[in-house]
Visitor: 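Below is the structure I would like to discuss, written out as structure tokens.
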Amino acid sequence: MNKYLLYLLILSLLIPSLVFAQERNSQLAYRYFQDKEYEAASGIFNELYQTSKSKSYFTYYITCLLKLENYTKAEKAVKKEIRTYPDDKVFQIELGYIYKISGEVNKANKQYNKTIENIIPNKREYITVANALRGKGEHELAIKTYEQGRKILKQEHLFHFEIANILMFQRNFTQMLDEYMIALSVTPEILQQIQNQLQSALSQDINSDLNQILKTKLISQVQNSKNNIVFKELLLWYYTQKKQFDLAFSLAQSIDLIKNNGGEKLSLLAKIAMDNKDYLIAQQCYKLIIEKGTKSKYYNNALIGELESIHLSLESNIETKLKDWQALSEAYTSYFKSIKDINQSIHTLIRFANLSAFKLKAIGKATSLLNTALEGRNVKQSDKANIKLELADITLLDNKKWDAILLYSQIEQKNKNNPIGYEAKLKKAKVSYYLGELDWAKAQLNVLKGSTSKLIANDALDLSQLISDNTTLDSTYSAMKYFAEVDLLIFQDQVDSAKIMLNGFFKRFPGHSLSDEVHYRIYEIHHSQQHYQEAINELNIIIKEHPYENLAAKALYKQAKLFELQDRISESGINYKKIIVDYPESIYSVEARERYTNIRNSNSQ
């Protein structure tokens with residue numbers, strides 16, 4: 001083996017151990033630094049810098065010396081690096097910082113200004129120096145650096161974005177927005193970057209100082225820069241952030257007309273509005289896109305979106321009538337007659353089947369729709385699973401419990417370890433619960449507690465807990481089985497039968513631990529039937545008679561919402577205050593505090 005190969009072999013053996021030693025020393029140095037043992041840390045950081053020449057280690061080394069007030073040593077160390085790297089302005093900024101920390105402010109300013117004046121005329125160099133100054137808290141000098149860069153490089157529109165970011169840190173929002181607006185007018189492509197920065201600023205704008213300034217500024221820019229559409233886009237973004245969808249709607253419509261893009265902004269706004277439960281604005285957006293006809297690439301999505309927004313709107317409105325669901329059913333029928341490929345609209349088909357079965361009681365029609373879809377060609381496995389899951393729900397609605405279990409089992413087997421498989425398993429466990437097979441149901445639910453889906457895991461935990469809490473003292477499980485039968489009737493929308501059984505519970509099982517749950521189910525039925533005073537009365541029983549049960553805080557919250565619905569604001573305020581004081585750990589306490597504060601503020605005005 002020649003000397004060269006021997007050298008390479010030795011080097012290959014040494015390098016891993018050297019890297020490991022450096023990493024170990026680095027961790028040790030950081031630990032000393034965090035523990036404020038600056039003497040020990042400084043020596044290790046210096047050794048690490050000499051070995052690696054990483055500026056990060058050097059900065060920590062100098063910081064340790066400054067913490068130890070060893071200014072002379074720090075100055076000598078930095079000056080040595082300046083002699084070695086005369087063009088590296090970061091070391092020169094470090095020297096100015098040492099002077100300032102040691103109390104020599106005039107000397108520090110002189111060093112900073114000298115560094116700025118001698119920057120090599122290069123955009124990157126100005127950014128490097130400005131960043132170094134910002135790192136030392138010298139924000140005004142960083143701005144001065146950028147302004148000098150504009151002048152020297154003879155580019156008046158350089159660094160607007162960078163300066164604005166500094167002004168944001170200083171909470172100088174007026175000048176910050178001036179810089180952003182200029183930057184945007186010069187380079188519209190940075191719209192997304194500016195939106196990201198403003199979103200960050202708004203999230204930290206506790207006193208709403210920025211909010212009104214931004215709104216006023218954007219409206220002014222739109223009015224005075226009519227040909228610059230980018231300001232309209234930014235104002236649209238602002239209205240969307242503030243959930244002012246009615247104002248956003250007009251802007252989206254205007255932008256789409258100018259751009260002639262088939263309704264892109266309207267389509268995006270519709271989705272956001274729908275996610276925020278503003279179904280009316282979503283429908284208005286979709287209607288405008290549909291009016292553009294098939295030439296718009298968003299046309300089919302708009303047809304689907306309009307149906308979905310109407311469906312969600314009807315579901316959220318407790319005053320929805322049967323005729324409203326019938327009208328929507330006709331709209332679904334019309335849509336499916338107009339399309340050729342059903343594979344593009346599987347979700348919509350499932351929604352149609354759900355409406356047909358659960359709202360119109362047309363179980364045969366719903367089953368036929370889903371079975372036809374399952375027989376279709378080129379239907380994806382994931383879509384088949386979703387179709388089958390809805391079919392299983394409708395089968396259970398039709399009281400064919402064992403057929404439903406079979407369908408849920410098939411979905412679970414074919415979709416192990418994914419969300420729809422877990423959902424099928426949860427629903428199968430619920431059928432076991434409805435059948436009174438409580439031990440078997442609980443065993444399945446306990447498995448699902450570890451599901452990757454938080455929603456499924458929580459539902460499994462809640463039902464498992466309900467069974468455990470109410471069967472400990474009842475070896476026959478008779479009350480729990482009775483209650484499970486009621487839950488099945490509620491699922492099947494047989495609320496009158498459910499109500500009779502619930503009212504009979506108290507005679508059959510007086511003083512049972514399920515009593516608060518029974519009252520809560522009766523409340524839900526009254527609420528769904530718009531019998532609000534009866535609903536309030538049921539919640540009141542839970543609040544008065546079961547104050548230490550899990551449902552107490554929930555009952556207070558739901559009752560407060562009903563009081564608000566009836567303009568009984570002072571009573572709702574009493575409930576919110578009770579949640580804050582008596583149930584501070586409840587999931588309702590945060591919103592209760594917010595609503596209570598709003599009520600107090602309204603009363604004080």
Visitor: Keeping Thr115 on the side-chain end and Gln111 on the backbone end, is there a donor-acceptor pair under 3.5 Å?
Guide: yes

Visitor: Applying side chain to side chain contact (heavy atoms under 4.5 Å, CB included), run through Ile272 and Asp278 and close with a yes or a no.
Guide: CA-CA 9 Å; Ile272 296 168; Asp278 194 333; over 6 Å; no

Visitor: Compare all side-chain heavy atoms of Tyr97 with those of Val78 and state whether any distance is below 4.5 angstrom.
Guide: no

Visitor: Between Tyr61 and Gln50, do the side chains contain a donor N or O and an acceptor N or O under 3.5 Å apart?
Guide: no

Visitor: Is Phe161 close to Thr187 at the side-chain level, that is, under 4.5 Å between some pair of heavy atoms?
Guide: no

Visitor: Given Gln204 and Ser200, is the side-chain hydrogen bond (donor to acceptor under 3.5 Å, both in side chains) satisfied, shown in steps?
Guide: CA-CA 7 Å; Gln204 300 170 45; Ser200 175; 3.2 Å; yes

Visitor: Would you check if Lys123 and Gln155 make a side-chain contact, meaning some heavy-atom pair closer than 4.5 Å?
Guide: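 Heavy-atom side-chain distance check fails, nothing below 4.5 Å.
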
Visitor: Centre-to-centre under 6.0 Å for Tyr112 and Tyr99, is that the case here?
Guide: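 No - the distance between ring centres of Tyr112 and Tyr99 does not fall below the 6.0 Å cut-off.
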
Visitor: In terms of relative ring orientation, are His157 and His160 parallel, tilted or perpendicular, with 30° and 60° separating the classes?
Guide: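 Answer is tilted, since the angle falls between 30° and 60°.
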
Visitor: Identify the two heavy atoms, one from Gly96 and one from Ala108, that lie closest to each other, and give their separation to 0.1 Å.
Guide: O-CB, 3.2 Å

Visitor: Less than 4.0 Å between a side-chain N and a carboxylate O, is that true for Lys55 and Asp88?
Guide: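 Counted as a salt bridge, because a side-chain N and a carboxylate O are separated by less than 4.0 Å.
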
Visitor: Between Thr145 and Ala130 (side chain of the first, backbone of the second, donor and acceptor by atom type, cut-off under 3.5 Å), is there such a pair?
Guide: no

Visitor: Would Asn211 and Lys215 count as a side chain to side chain contact (heavy atoms under 4.5 Å, CB included) if you check the C-alpha gap in whole Å, the side-chain angles of each, and the deciding distance to 0.1 Å?
Guide: CA-CA 6 Å; Asn211 186 47; Lys215 182 178 180 179; 5.6 Å; no

Visitor: Within the side chain of Ser267, is there an N or O that forms a donor-acceptor pair under 3.5 Å with the backbone of Gly263?
Guide: no

Visitor: Before you tell me yes or no, could you show the steps for Tyr557 and Glu591 under side-chain hydrogen bond (donor to acceptor under 3.5 Å, both in side chains), namely the whole-Å CA-CA distance, both residues' side-chain angles and the distance that decides it to 0.1 Å?
Guide: CA-CA 9 Å; Tyr557 178 79; Glu591 190 172 349; 2.9 Å; yes

Visitor: With a 6.0 Å cut-off on the ring centroids, do Phe245 and Tyr239 count as close?
Guide: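 Not close enough - the centres of the two rings lie 6.0 Å or further apart.
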
Visitor: Do you know which two heavy atoms are closest between Ile44 and Ala29, and how far apart they sit?
Guide: CG2-CB, 3.7 Å

Visitor: Is the side chain of Asn224 donor-acceptor paired with the backbone N or O of Ser220 at a distance under 3.5 Å, no angle test?
Guide: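 A pair under 3.5 Å: yes.
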
Visitor: Go through it in stages, so that I can follow the logic: the residues are Glu140 and Gln170, the test is side-chain hydrogen bond (donor to acceptor under 3.5 Å, both in side chains), and I'd like the CA-CA distance, side-chain angles, deciding distance and then a yes or no.
Guide: CA-CA 10 Å; Glu140 293 299 331; Gln170 296 178 312; 3.0 Å; yes

Visitor: Is there side-chain contact between Phe249 and Leu288, with heavy atoms separated by less than 4.5 Å?
Guide: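 Yes, side chains in contact.
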
Visitor: Give me the atom names and distance for the closest heavy-atom approach of Lys265 to Asp256.
Guide: N-OD1, 3.0 Å

Visitor: Counting only heavy atoms not in Lys577 (residues, nucleotides, ligands), do more than 12 fall under 6.0 Å from its NZ?
Guide: no

Visitor: Can you confirm whether Arg595 sits close enough to Ser572 that some side-chain heavy atom of one is under 4.5 Å from a side-chain heavy atom of the other?
Guide: no

Visitor: What are the two closest heavy atoms between Ile289 and Ser296, and how far apart are they?
Guide: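 It is CG2-OG, 3.8 Å.
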
Visitor: Backbone N or O of Arg124 within a donor-acceptor pair of the Thr128 side chain at under 3.5 Å?
Guide: yes

Visitor: Any side-chain to backbone donor/acceptor pair from Asn418 onto Gly421? Under 3.5 Å, distance only.
Guide: yes

Visitor: Is Ser42 close to Tyr32 at the side-chain level, that is, under 4.5 Å between some pair of heavy atoms?
Guide: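 No, too far: nothing below the 4.5 Å cut-off.
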
Visitor: Taking the six-membered ring for Trp, are the ring centroids of Phe45 and Tyr30 within less than 6.0 Å of each other?
Guide: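 Yes, they do, as the ring centres are separated by less than 6.0 Å.
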
Visitor: Nearest 0.5 angstrom please: His347 NE2 to Asn386 CG, how far?
Guide: 9.5 Å

Visitor: Measure the CG-NZ distance between Asn131 and Lys89 for me, rounded to the nearest 0.5 Å.
Guide: 15.5 Å

Visitor: Indicate yes or no for a side-chain donor-acceptor contact from Thr597 to the backbone of Arg593 under 3.5 Å, with no hydrogens or angles considered.
Guide: yes

Visitor: Would you give the length of the straight line joining atom OH of Tyr57 to atom CD of Glu47, rounded to the nearest 0.5 angstrom?
Guide: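 Rounded to the nearest 0.5 Å, the OH-CD separation comes out at 12.0 Å.
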
Visitor: Measuring centre to centre across the rings, with the benzene-like ring taken for any Trp, is Tyr60 within less than 6.0 Å of Tyr49?
Guide: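 Ring centroids of Tyr60 and Tyr49 are no less than 6.0 Å from each other.
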
Visitor: Can a donor-acceptor pair be found, under 3.5 Å and without considering hydrogens, that links the side chain of Asn122 to the backbone of Glu125?
Guide: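 Yes.
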
Visitor: Gln92 versus Asn118: any side-chain heavy-atom pair under 4.5 Å?
Guide: no

Visitor: Under 6.0 Å from the NZ atom of Lys80, do we count more than 12 heavy atoms belonging to anything else shown?
Guide: no

Visitor: Is it the case that atom CZ in Arg134 sees more than 12 heavy atoms from other parts of the structure closer than 6.0 Å?
Guide: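 More than 12 heavy atoms, drawn from other residues, nucleotides or ligands, come within 6.0 Å of this atom.
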
Visitor: Can you name the closest pair of heavy atoms from Cys285 and Ala270 and give their distance?
Guide: CB-CB, 3.6 Å

Visitor: In this structure, are over 12 heavy atoms from other groups packed under 6.0 Å from Lys136 atom NZ?
Guide: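 Atom NZ in Lys136 is packed in, count exceeds 12.
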
Visitor: Could you walk me through whether Tyr332 and His311 pass the side chain to side chain contact (heavy atoms under 4.5 Å, CB included) test, one step at a time?
Guide: CA-CA 10 Å; Tyr332 273 119; His311 199 136; 2.7 Å; yes

Visitor: Within a reach of under 6.0 Å around CD of Gln244, are more than 12 heavy atoms found that belong to other residues, nucleotides or ligands?
Guide: yes

Visitor: Atom CG in Leu234, atom CD in Gln192: separation rounded to 0.5 Å?
Guide: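 Rounded to the nearest 0.5 Å, the CG-CD separation comes out at 10.5 Å.
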
Visitor: Can you tell me how far CE of Met176 sits from CD1 of Ile163, rounded to the nearest 0.5 angstrom?
Guide: 13.5 Å

Visitor: Start with the C-alpha distance between Ile127 and Tyr146, add both sets of side-chain angles, then the distance that settles side chain to side chain contact (heavy atoms under 4.5 Å, CB included), and finish with yes or no.
Guide: CA-CA 7 Å; Ile127 292 173; Tyr146 284 127; 4.1 Å; yes

Visitor: Is Glu308 paired with Arg351 through a side-chain N to carboxylate O contact shorter than 4.0 Å?
Guide: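 Counted as a salt bridge, because a side-chain N and a carboxylate O are separated by less than 4.0 Å.
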
Visitor: Are the side chain of Thr240 and the backbone N or O of Leu236 linked by a donor-acceptor pair below 3.5 Å?
Guide: yes

Visitor: List the atom of Leu210, the atom of Ala201, and the distance in Å for their closest heavy-atom pair.
Guide: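 Heavy atoms only, the tightest pair is CD2-CB, 3.5 Å.
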
Visitor: Could you grab the distance from atom CD1 of Ile101 to atom NZ of Lys67, nearest 0.5 Å is fine?
Guide: 8.5 Å

Visitor: Is it the case that atom NZ in Lys242 sees more than 12 heavy atoms from other parts of the structure closer than 6.0 Å?
Guide: yes

Visitor: So does Phe169 have more than 12 non-hydrogen atoms from other groups sitting under 6.0 Å from CZ?
Guide: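 No, because the 6.0 Å sphere around CZ of Phe169 holds 12 heavy atoms or fewer from other groups.
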
Visitor: Is the number of heavy atoms from other residues, nucleotides or ligands within 6.0 Å of CG (Asp35) greater than 12?
Guide: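 Enclosed.
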
Visitor: Ring of Tyr279, cation from Lys277 - is the NZ or CZ under 6.0 Å from the centre and inside 45° of the axis?
Guide: no

Visitor: Quick one, Trp237 and Leu191 - any side-chain contact, counting heavy atoms below 4.5 Å?
Guide: no

